[in-house]
Asker: 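Below: one structure in structure tokens.
For the single chain, residues carry numbers from 1 onward in sequence order. Atom set for the values below is all heavy atoms of this structure, side chains included, hydrogens, waters and symmetry mates excluded. Everything numeric in this text was worked out from a predicted model, so none of it was measured.
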Amino acid sequence: MTAPHSGWHLPAFVSELTAEVTPLELGTRRLVAVRDETGIRVFDADCPHRGAHLGYGGRLADGCLVCPFHGRRIGLGDTSKRLSVAEHHVLVSGDAVFVRLSDGPDDDRGFTRAIKELADSHPLTAAVSRPMNADPLLIVENAFDIDHFSEVHKVPRVHAMAHRDGDEGELVMEGEFIMASMPTKGGGPPRVVGSRFLARAYSPGVVVTLFGPPGREQVIVTAAVPYEKGGCAVRVAIGVRDEQRDELPLLVQGSERALNEDAVIWERLNPRTTPRLDARDAAVVAYREFCATFPERA
């Protein structure tokens, strides 16, 4: 897949947008991020005069982008002008910069509301940003691949995992990871230690997961943005409550380790193999059907 799907994407962290003008890649769509007095904004990057990439050498001047090729002043977001570029939806939450290219009535799927609800209690911190030589759809599909949790990540036991449609058109996966059995005093039956797993895919490129014991759940946002020439950029953001901030370094290390474990598999899959899915793959099939409801954008 080189053309990005409609719906939300995570093409950058705030820390990656340090300049006034930064090029972004989202499949075949060339974008440019602009930091001005209003915050971070994202636009199409192709100069309408001759097609130069405004993110490479373009500069802000009087509310316009000056093209690095011929010096034309390109309007930002006012498409009624002959030389202007379209603006796209941006949602900034903590370190995460989410972008949506489309205006379809079904493209949000409740994502904006969910992220804003989590913003105060679980502000997002950038954890991982790395290239991956794999189909970007595999990254979000991971949340719906039940058997890989035990085989790849060595989770002792996965309990009652089931997928369903969400209330706003998102795809939900819920269950429990049984992490350990702790002995109890007096020789009684061991106490089972479990962690809730609740993943919601809001687009083919973004899944938001609540994970952890009750009252101490962390938020993990996993996203994949396709490269035009194949592969993708994978980004993971983590949100925790204020009283858990000291746990962030270990959580970041855990995210990096889990992603490295997945990469060993993802980057060696044979794309020419025809999958022979069975009943255990029902959630994976549901995710692929979910992706098909998001049209691709050239």
Side-chain angles (χ1 to χ4, degrees), residues 1-109 111-112 115-116 126 129 131 136 202-206 223-235 294-298:
M1 182 190 77
T2 56
H5 284 82
S6 54
W8 287 100
H9 298 269
L10 177 52
F13 289 128
V14 172
S15 56
E16 296 172 317
L17 304 178
T18 56
E20 270 193 331
V21 178
T22 306
L24 297 178
E25 182 176 359
L26 215 171
T28 54
R29 288 296 289 268
R30 306 194 320 169
L31 304 175
V32 58
V34 170
R35 297 190 71 147
D36 61 17
E37 66 278 0
T38 66
I40 296 172
R41 303 168 69 189
V42 173
F43 304 88
D44 284 339
D46 291 333
C47 177
H49 175 228
R50 292 283 300 278
H53 198 307
L54 297 171
Y56 290 94
R59 66 184 190 279
L60 274 178
D62 300 323
C64 295
L65 268 175
V66 179
C67 177
F69 194 6
H70 296 98
R72 298 288 201 277
R73 289 175 179 260
I74 309 303
L76 298 178
D78 185 358
T79 54
S80 65
K81 295 180 178 179
R82 187 176 71 89
L83 295 181
S84 66
V85 286
E87 184 168 8
H88 300 293
H89 301 280
V90 172
L91 178 60
V92 178
S93 181
D95 286 337
V97 180
F98 300 101
V99 174
R100 180 160 60 93
L101 302 182
S102 49
D103 287 311
D106 298 326
D107 289 343
D108 185 74
R109 309 285 177 112
F111 179 77
T112 300
I115 289 296
K116 289 182 176 179
S129 180
Y202 292 96
S203 75
V206 178
V225 171
Y227 292 138
E228 181 177 3
K229 296 182 179 179
C232 60
V234 178
R235 290 182 177 86
F294 289 82
E296 292 186 354
R297 306 295 188 192

Asker: Please report the C-alpha distance between Trp8 and Tyr202 in whole Å, then the side-chain angles of each, then the deciding distance to 0.1 Å, and finally whether the ring-ring contact (aromatic ring centres under 6.0 Å, His included) criterion is met.
Answerer: CA-CA 7 Å; Trp8 287 100; Tyr202 292 96; 10.0 Å; no
Asker: With distance as the sole test, does Arg100 use its side chain to make a donor-acceptor pair with the main-chain N or O of Ser102 at under 3.5 Å?
Answerer: yes
Asker: State, yes or no, whether a side-chain contact exists between Leu101 and Leu31 at a heavy-atom distance under 4.5 Å.
Answerer: yes
Asker: If you look only at pairs with a residue in residues 49-62, which of them pass as a salt bridge (charged side-chain N to carboxylate O under 4.0 Å, His left out), with sequence neighbours excluded?
Answerer: Asp62-Arg73
Asker: With a 4.5 Å limit on heavy-atom distance, are the side chains of Ser129 and Phe13 in contact?
Answerer: yes
Asker: Within the side chain of Ser93, is there an N or O that forms a donor-acceptor pair under 3.5 Å with the backbone of Ala96?
Answerer: no
Asker: At what distance, to the nearest 0.5 angstrom, does NE2 of His9 lie from CG of Leu26?
Answerer: 5.0 Å
Asker: Could you list the residues that satisfy ring pair (Phe, Tyr, Trp, His ring centres under 6.0 Å) with Tyr56, not counting sequence neighbours?
Answerer: His53
Asker: Does any part of the side chain of Pro68, heavy atoms only, come nearer than 4.5 Å to the side chain of Leu54, both counted from C-beta?
Answerer: yes
Asker: Do Leu76 and Leu65 make a side-chain contact, defined as non-hydrogen atoms from C-beta onward lying under 4.5 Å apart?
Answerer: yes
Asker: Can you tell me how far apart CD (Glu16) and OG1 (Thr22) are? Round to the nearest 0.5 Å.
Answerer: 9.5 Å
Asker: Can you tell me how far apart OG1 (Thr28) and CD (Glu296) are? Round to the nearest 0.5 Å.
Answerer: 8.5 Å
Asker: Just by distance, do the side chain of Ser6 and the backbone of Pro295 share a donor-acceptor pair under 3.5 Å?
Answerer: yes
Asker: Return the CD1 to SG distance between Ile74 and Cys67, rounded to the nearest 0.5 Å.
Answerer: 6.0 Å
Asker: For Phe294, give me all partners under ring pair (Phe, Tyr, Trp, His ring centres under 6.0 Å), at least two apart in sequence or on another chain.
Answerer: Phe290
Asker: Measure from the side-chain N and O atoms of Arg235 to the backbone N and O of Pro11, and report whether any donor-acceptor pair falls under 3.5 Å.
Answerer: yes
Asker: Taking side chain to side chain donor-acceptor pair (under 3.5 Å) as the test, write out the residues that go with Asp44, two or more places apart.
Answerer: Arg29, His88
Asker: Only distances under 3.5 Å count here; give the side-chain donor-acceptor pairs of residues 35-43 to other protein atoms, sequence neighbours excluded, each with its distance to 0.1 Å.
Answerer:
from: Arg35; atom 1: NH1; to: Leu17; atom 2: O; distance (Å): 2.7
from: Asp36; atom 1: OD1; to: Thr38; atom 2: N; distance (Å): 2.9
from: Asp36; atom 1: OD1; to: Thr38; atom 2: OG1; distance (Å): 2.5
from: Asp36; atom 1: OD1; to: Gly39; atom 2: N; distance (Å): 3.3
from: Asp36; atom 1: OD2; to: Arg41; atom 2: NH1; distance (Å): 3.2
from: Arg41; atom 1: NE; to: Glu87; atom 2: OE2; distance (Å): 2.9
from: Arg41; atom 1: NH2; to: Glu87; atom 2: OE1; distance (Å): 3.0

Asker: Decide yes or no for Pro136 and Val225: does some side-chain heavy atom of the first lie under 4.5 Å from some side-chain heavy atom of the second?
Answerer: no
Asker: If the condition is ring pair (Phe, Tyr, Trp, His ring centres under 6.0 Å), which residues does His89 pass it with, not counting sequence neighbours?
Answerer: none
Asker: Does the Ser84 side chain pair with the main chain of Gly75, one donor and one acceptor, at a distance under 3.5 Å?
Answerer: no
